[in-house]
Structure formats: C-alpha cells, structure tokens
Amino acid sequence: MTETLYYIICGVLSLLAMYGIAMMSKVPTAVRGNLLLSFCMFAGIILTLFYYKIFDAVTIYGFILAGTVIGAILAQRVQMIQMPQTVAMLNGLGGLSGAIVGGLTVVGIGVHASEFPLFVNVTGVLAVVVGMVTFVGSMVAAAKLHRILPQRPIVWKYHELITTTLLVGSIVTVGLSFIIGKDFGLLSNVDFILILASVLGSLFGYVFAIRVGGADMPITISLLTSLAGVAAAIAGMAIGDLLVVSIGGIVGSSGLLLTQIMCKAMNRKLMVILTGKTAASTTIVLEQAITNKPEAAPIEKKEEKNIGKVIREAKSAIIVPGYGMALAQAQHQVRQLATMLEAQGTKVRYAVHPVAGRMPGHMNVLLAEADVAYDQLYEMDAINDDFKDTDLVVVIGANDVLNPAARDAEGTPIYGMPVLNVDQSKNIIICNYDLKPGYAGVPNPLYDMKEKVTMMLGDAKESLNQLMTDIRSTSSESASEPIAEEVSEESKLGDILRNAKSAIVVPGYGMALAQAQHQVRQLATMLEAQGTKVRYAVHPVAGRMPGHMNVLLAEADVAYDQLYEMDAINDDFKDTDLAVVIGANDVLNPAARDAEGTPIYGMPVLNVDQTKNIIICNYDLKPGYAGVPNPLYDMTDKVTMMLGDAKESLNKLMEYSK
C-alpha cells in the first residue's frame with residue numbers, strides 16, 4: 001500500500017467517523033451511528049496492521065482477543081445505571097493507551113527512525129503527561145461515581161497551590177524533552193524524564209479530580225473525554241500516523257465543544273473548575289448550610305389535597321427526570337404515568353436539564369430505553385418559561401437541577417447555575433428517596449413549599465405506582481353506575497391472584513411489542529411476595545427468533561432458573577392455580593391438537609388450557625400469526641380476557657392483587 005493511498009483511506013475513515021457522530025445526535029439514527037463508529041475503529045486496526053506490515057506479530061492478536069472478550073463482557077453486564085462510571089473508565093483507558101504509545105515512541109520501541117527526533121521526543125513526553133492525567137483523573141471520577149471514593153468534593157489545605165505546582169512541573173517535564181539525548185548527566189536519561197512525566201501527570205490527574213463534586217461532575221467527564229482524544233492525537237503525531245491524529249482530534253474537539261456547552265449551561269468557567277476554586281471556596285459555606293438546616297420531620301400525606309384529583313384535572317404536565325430515576329430504574333413507570341396522563345387529555349412534556357444525571361445525555365438515554373418520543377424531550381432553555389403556566393410538575397429523583405437556592409445562595413457550589421423553574425409551577429409532586437440535599441449538598445427550599453409541593457419519599461417505582469393508583473381510584477369515584485359489574489370482575493381477579501399458590505407466566509410476541517417485560521417482572525414479584533410460586537413457560541418458537549423471550553426477560557432481571565422450556569413444564573399446567581399469558585397465541589392454541597389442515601396442526605403447544613384459572617393479556621381477539629382461531633377465548637368459565645396494551649393490563653392486574 002502506498003503512502004498516498006493510506007492517507008486517502010485515513011481521510012475517508014475520519015469523514016465516516018464524523019458522520020457517525022452526527023448520526024448519534026438523533027435518536028432514530030443513534031444505533032447506526034454507533035455501529036458506523038465501531039466499523040471505523042475496526043477498519044483502522046486492520047489498516048494499521050496492513051500498512052505497517054505487522055501481521056506476523058502474533059502477540060497483537062492475543063491482546064486484540066483479550067480486549068474483545070472484556071468489551072463483550074462489559075457490554076452484557078454493565079447496567080444503564082452504571083454507564084457514567086463506565087464512560088469515565090473507558091476515557092481513562094483511552095488516555096492510558098496514548099501514554100503507553102508516547103512512552104514507547106520516546107524510547108524507540110516499535111517505531112522507525114524519524115527525520116524529526118526532537119518533534120518525536122516532545123510529542124511523546126507530552127502524550128505521556130496528558131495520557132496519565134486522563135487515566136488517573138478518569139479512574140478517580142469513576143470511583144466517585146461508583147461510590148468507592150466519597151462523592152463530595154475533597155479539598156485539602158493549599159489544594160490550589162498543589163494543583164498549580166503539579167501543572168507547572170508537568171510543563172517543565174515536557175520542556176525537558178527538548179534535551180533528550182544530550183549529555184546533561186541525569187537529565188540525559190530518557191527513563192528519568194518518562195518516569196517524572198508519568199508521576200507528575202498522575203498526581204495532577206488525582207489532585208484535579210478528587211476535588212470534583214456536585215454539579216461539576218458532568219463537566220469533568222466531558223473534559224476527560226476530550227483529553228482522551230487529545231492524548232491519542234498527540235501520540236499519533238509522535239508515531240507519525242495520520243489516522244490516529246485525525247480520529248483523536250475528532251474526539252478531542254467534540255469533547256471540548258461538549259465541555260463548553262456544559263459550562264455555559266451551568267454558568268461555570270472552565271478555568272475555575274480546573275483550578276478548583278469553586279470547591280475550595282465553598283466548602284465552609286456548604287458545611288454550615290448542611291449543619292444549620294433543621295432535621296426535617298417525616299412528611300405525612302396531606303388529607304386536604306387529593307393528589308389523584310390534582311393529576312386528573314391537570315391540562316398540562318411537565319416531568320422532570322433526575323439521577324434518582326436512574327437509580328430506581330423507574331423510566332418505564334415514568335412512561336406509564338405519562339401515557340395515563342395523555343389518555344385523559346393532559347399535554348405531557350419532559351424537561352431535561354443539561355447536567356441531569358452523571359453524564360451528558362444520561363436522561364435522554366434512559367427515557368429512550370422506555371420508548372419516550374424524542375420530540376417530547378425539551379432542553380432547559382426551550383421549556384423553562386413554561387413552568388409558570390403548567391398545572392402539574394412531577395419530579396423523579398432530581399434535586400440540584402431544580403434547586404431555587406442556585407439563584408440566591410451565594411458561596412454554594414450551585415450558585416449561579418441555571419436551574420429548571422419548577423418552583424413556579426402550580427402543583428409539584430416530588431418523588432425522591434429522602435429529604436437529603438442533592439449531589440452538590442445544598443438544601444432545597446422546594447421541600448418547604450408545602451402549600452403546593454407534595455413529597456413522596458421512598459423508591460421511585462413505588463411512588464409512581466402509587467400515583468397511578470391515585471389516578472385510577474379518582475377515576476373510579478367519578479365514574480357512572482355501570483362500573484359496578486366491572487368492579488365485581490376486578491374483585492374476582494383480585495381473589496384469583498391473591499389465592500394462587502402457584503402461577504406460570506407465558507410470554508409471547510405481544511409482550512415484546514408492548515415492551516412489557518418489566519411489568520411482567522413486577523407482577524411476578526408481587527405474587528412471590530405473597531408466597532406464590534412463580535415460573536415462566538417459554539415455548540421454543542415464542543417471539544420472532546429463538547431465545548427472543550429469554551433475552552427480554554433477562555433485560556427485566558428475571559432469574560434464569562425461573563425460565564422453563566415447554567417439555568420441562570408442560571405437565572405442570574394441570575396442577576397450577578393460575579396461568580398469566582402476555583401476548584402469546586399460537587404457542588398455546590389447543591387447536592394444534594385436533595384442527596387438521598391448519599398451519600399449526602401437530603405442533604406441540606403449551607398446555608395452558610389445562611390450568612385452573614387463566615388470564616390472557618392480549619391486544620385483541622384476533623387469531624395469532626398462523627391465523628387459526630383460538631378456542632381458549634371461548635372458555636369463559638376459567639379464562640379472563642384483558643384486551644388492549646399489555647402494560648396497561650398488567651398494571652391493572654397488579655392493582656387488583658393488592
């Protein structure tokens with residue numbers, strides 16, 4: 001391969017990478033953008049092996065295989081709630097890679113003799129410094145996010161002086177690279193300069209990151225992302241590889257741009273954060289604010305305000321998600337609540353603060369996971385003026401990003417930071433775990449606005465379920481008399497659910513369509529809490545591909561030992577008190593046994609029809625994919641049909657079982 005062709009391919013891959021980043025800015029194309037970037041990375045590896053003719057270096061393939069295995073394991077095991085610390089850790093590994101490449105370049109390992117040795121030495125040492133700052137700083141950030149280190153800012157005496165000294169020392173070390181190879185005694189020793197660069201860079205990264213806390217963490221992660229790209233670009237300069245320079249430059253510039261956007265959103269200056277002046281100057285004020293705040297008494301539910309009625313009468317509502325929603329994995333309940341509000345005619349929008357969560361875009365990712373439409377998500381500037389005209393605001397696990405103290409509590413970490421104007425709304429429901437201050441440690445005056453604020457403390461999932469219960473109960477109270485027969489049916493289902501000693505859940509493609517696996521797990525948990533033995537019967541062809549149901553149920557954290565194949569559980573249906581079917585049809589259609597000439601005749605099916613009581617949550621009464629009518633639908637003596645969206649049907653079942 002000629003050098004010209006190599007550079008052309010490098011340019012094409014760089015353009016594709018930038019296009020992939022652009023695709024990731026929109027929800028419908030984000031997955032494809034991520035795949036495109038992955039392809040560019042893979043193509044870059046192959047191109048490097050081919051251009052430098054190092055295919056015969058067997059050890060490379062061992063490291064590639066090890067990295068692939070580790071990456072695959074992380075992709076499977078890392079939960080969405082752990083994504084911020086994972087991103088921080090991956091940033092750090094990118095920085096470490098740049099440092100290793102820079103160090104090897106300086107000592108002359110794996111590189112050809114350069115016509116510009118001075119340039120190689122300077123860029124190599126600089127890559128070591130920046131790479132180690134990124135690596136150690138990212139590891140500290142990840143440890144803080146994972147609660148291995150204290151999440152609060154840690155500020156030492158003379159912290160700013162220490163930071164400045166290490167920064168100057170790192171710059172001086174890069175200056176020493178100009179005299180590598182010259183006879184100046186100890187200073188001519190390459191190892192000494194590299195060790196000094198590694199130590200000073202590592203110490204600066206630690207000192208810089210350890211004082212970060214509160215609302216500055218998203219900015220820090222953005223900055224570390226940029227530094228990882230910068231380290232890679234500098235290392236690319238040292239080895240003379242255009243592809244590494246261009247891709248590293250893309251990551252570095254995009255990360256820096258994101259950092260500037262985050263700083264603007266928080267009314268912060270980057271140099272103030274880099275020098276630690278916010279944390280250093282506010283520690284005493286912050287401690288006094290926390291110490292002087294009286295301990296709040298448990299908030300009792302206010303009888304004078306009917307929460308269900310407030311929700312039912314709301315014409316407009318804004319949902320404010322925060323890190324507490326991520327912790328409780330309550331995004332699916334948030335979506336259900338929004339669906340219920342929309343069904344009654346309420347206009348629902350989501351207000352997403354730029355630094356909500358622990359990394360940029362954290363809330364967007366979680367809400368997208370729950371299939372929230374992207375056009376319902378509004379940035380702070382686009383929705384902030386609408387709070388004063390909004391009937392209802394529901395806050396889920398957010399604190400600092402809506403804390404009114406940011407406007408007037410001088411000396412605190414959030415002072416001057418633009419916040420969501422939640423306090424201007426007519427009615428506010430806050431679903432937070434407790435009354436403690438947020439990540440920045442600043443008490444929230446919203447908690448004292450009792451005339452229009454309702455606090456629902458505890459797990460966000462439970463609080464949201466209670467809200468939905470309040471809506472249903474209020475709706476029932478205002479409904480007309482014909483509901484009496486429906487209530488009787490509810491009572492009957494409630495008795496069946498509560499009295500069941502054993503239950504088998506049968507998932508199908510309808511569960512996948514409705515994305516109801518999390519509600520299935522919740523119902524199973526409620527049944528197990530009352531002593532019911534719950535198992536899942538998975539037909540080999542349930543869904544649209546082998547293992548479809550297993551994957552969906554695993555996503556909802558259903559234990560694998562609760563999943564039973566047809567042959568292992570089919571004989572147990574006749575001795576089971578209850579079968580709950582979610583969106584399945586052909587795989588349990590009794591017609592398969594005797595309806596000769598139909599597409600399913602002779603196909604082994606689940607013996608659901610032999611169960612004592614059967615609840616079928618299907619969208620409608622139409623035949624399944626094979627087009628064969630299901631006789632189960634006519635067994636009205638023991639079958640209850642719950643038609644419509646599976647999520648809604650399961651929510652009703654959970655309500656009936658209480």
Side-chain angles (χ1 to χ4, degrees), residues 79 328-333 335-336 369-370 459-466 468-469 490 492-539 542-543 547-566 568-570 572-573 575-584 587-588 606-608 611-618 638-642 644-658:
Q79 301 176 8
Q329 285 289 283
Q331 59 269 30
H332 298 278
Q333 284 70 26
R335 167 67 192 278
Q336 292 170 47
E369 184 184 5
D459 183 85
K461 282 184 178 178
E462 294 300 320
S463 297
L464 289 165
N465 285 331
Q466 182 60 49
M468 289 185 277
T469 299
E490 293 175 7
K492 175 186 173 183
L493 282 176
D495 290 339
I496 291 173
L497 290 162
R498 286 189 292 270
N499 295 328
K501 301 300 181 184
S502 58
I504 296 177
V505 178
V506 181
Y509 186 59
M511 182 188 78
L513 284 175
Q515 284 289 288
Q517 58 269 30
H518 297 276
Q519 285 70 26
V520 169
R521 167 65 192 279
Q522 292 173 47
L523 176 62
T525 301
M526 292 182 67
L527 291 171
E528 290 169 337
Q530 69 184 20
T532 304
K533 179 183 178 182
V534 179
R535 293 177 291 173
Y536 298 77
V538 182
H539 193 281
H548 196 176
M549 297 300 104
N550 303 63
V551 172
L552 291 174
L553 293 172
E555 183 184 358
D557 294 325
V558 173
Y560 188 74
D561 57 8
Q562 284 186 290
L563 307 184
Y564 288 78
E565 296 182 1
M566 179 176 62
I569 201 172
N570 232 6
D572 296 345
F573 277 99
D575 301 317
T576 299
D577 297 323
L578 173 65
V580 182
V581 178
I582 304 96
V587 298
L588 48 84
L606 294 166
N607 297 331
V608 171
T611 314
K612 299 172 185 177
N613 292 286
I614 307 166
I615 300 174
I616 300 178
C617 304
N618 279 6
K638 63 177 180 179
V639 174
T640 300
M641 298 296 302
M642 299 189 70
D645 184 84
K647 284 184 177 179
E648 291 300 317
S649 298
L650 289 164
N651 284 330
K652 289 180 182 178
L653 284 180
M654 288 186 276
E655 178 59 29
Y656 299 161
S657 66
K658 292 181 180 178

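In what follows, residues are counted from 1 in the order of the sequence shown.
Looking at heavy atoms from C-beta onward, Pro507 lies out of side-chain contact with Val581 at the 4.5 angstrom threshold. Counting heavy atoms from C-beta on, the side chains of Leu527 and Lys533 never come closer than 4.5 Å. When side chains are defined from C-beta on, Tyr536 counts as touching Val520, because their heavy atoms get closer than 4.5 Å. Side-chain contact between Leu588 and Val506 is present, with at least one heavy-atom pair separated by less than 4.5 Å. The shortest distance between side-chain heavy atoms of Leu578 and Ile615 falls below 4.5 Å. Side-chain contact check for Met642 versus Leu653: some heavy-atom pair is nearer than 4.5 Å. Between Gln329 and His518 the shortest side-chain heavy-atom distance does not fall below 4.5 Å. Side-chain contact between Tyr560 and Asn550 is present, with heavy atoms from C-beta onward closer than 4.5 Å.
To the nearest 0.5 Å, atoms CD1 (Ile614) and OG1 (Thr640) are separated by 9.0 Å. One finds the CG atom of Leu523 at 6.0 Å from the CG atom of Leu650 (value rounded to the nearest 0.5 Å). Annotation: the span from Arg498 atom CZ to Asp495 atom CG amounts to 5.0 Å, rounded to 0.5 Å.
Gln530 and Ala500 get closest at one heavy-atom pair: NE2-O, 4.2 Å. Of all non-hydrogen atoms in Ala646 and Ile582, the two that sit nearest each other are CB-CG2, 4.0 Å. Of all the heavy atoms in Met549 and Ala512, the pair that sits closest is CE-CB, 4.5 Å. Gln522 and Asn465 make their closest contact through OE1-ND2, 3.9 Å (heavy atoms, listed as atom of the first residue, atom of the second, distance). Asp575 and Ser502 make their closest contact through O-OG, 3.9 Å (heavy atoms, listed as atom of the first residue, atom of the second, distance). What you find for Lys647 and Ala516 is that their closest heavy atoms are CG-CB, 3.9 Å.
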Check step by step if side chain to side chain contact (heavy atoms under 4.5 Å, CB included) holds for Phe573 and Ile504. CA-CA 8 Å; Phe573 277 99; Ile504 296 177; 3.8 Å; yes
Would you check, one step at a time, whether the test side chain to side chain contact (heavy atoms under 4.5 Å, CB included) holds for Met511 with Leu552? CA-CA 9 Å; Met511 182 188 78; Leu552 291 174; 4.0 Å; yes
Let me see the working for Lys612 and Ile496 under side chain to side chain contact (heavy atoms under 4.5 Å, CB included), right down to the final yes or no. CA-CA 10 Å; Lys612 299 172 185 177; Ile496 291 173; over 6 Å; no
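Using a cut-off of 4.0 Å between Lys/Arg side-chain N and Asp/Glu carboxylate O, Asp577 and Lys501 are scored as not salt-bridged. Ion pairing between Arg535 and Asp572 holds under the 4.0 Å rule for side-chain N and carboxylate O.
Judged purely by atom type and a 3.5 angstrom limit, Thr525 uses its side chain to pair as donor or acceptor with the backbone of Arg521. Side-chain atoms of Gln562 come within 3.5 Å of backbone N or O of Val534 as a donor-acceptor pair. Under the 3.5 Å distance criterion, the side-chain polar atoms of Asn570 are matched with a main-chain donor or acceptor of Asn607.
With sequence neighbours excluded, no residue forms a side-chain hydrogen bond (donor to acceptor under 3.5 Å, both in side chains) with Asp645.
In this structure, Glu528 places its CD atom where more than 12 heavy-atom neighbours from other residues, nucleotides or ligands lie under 6.0 Å away.
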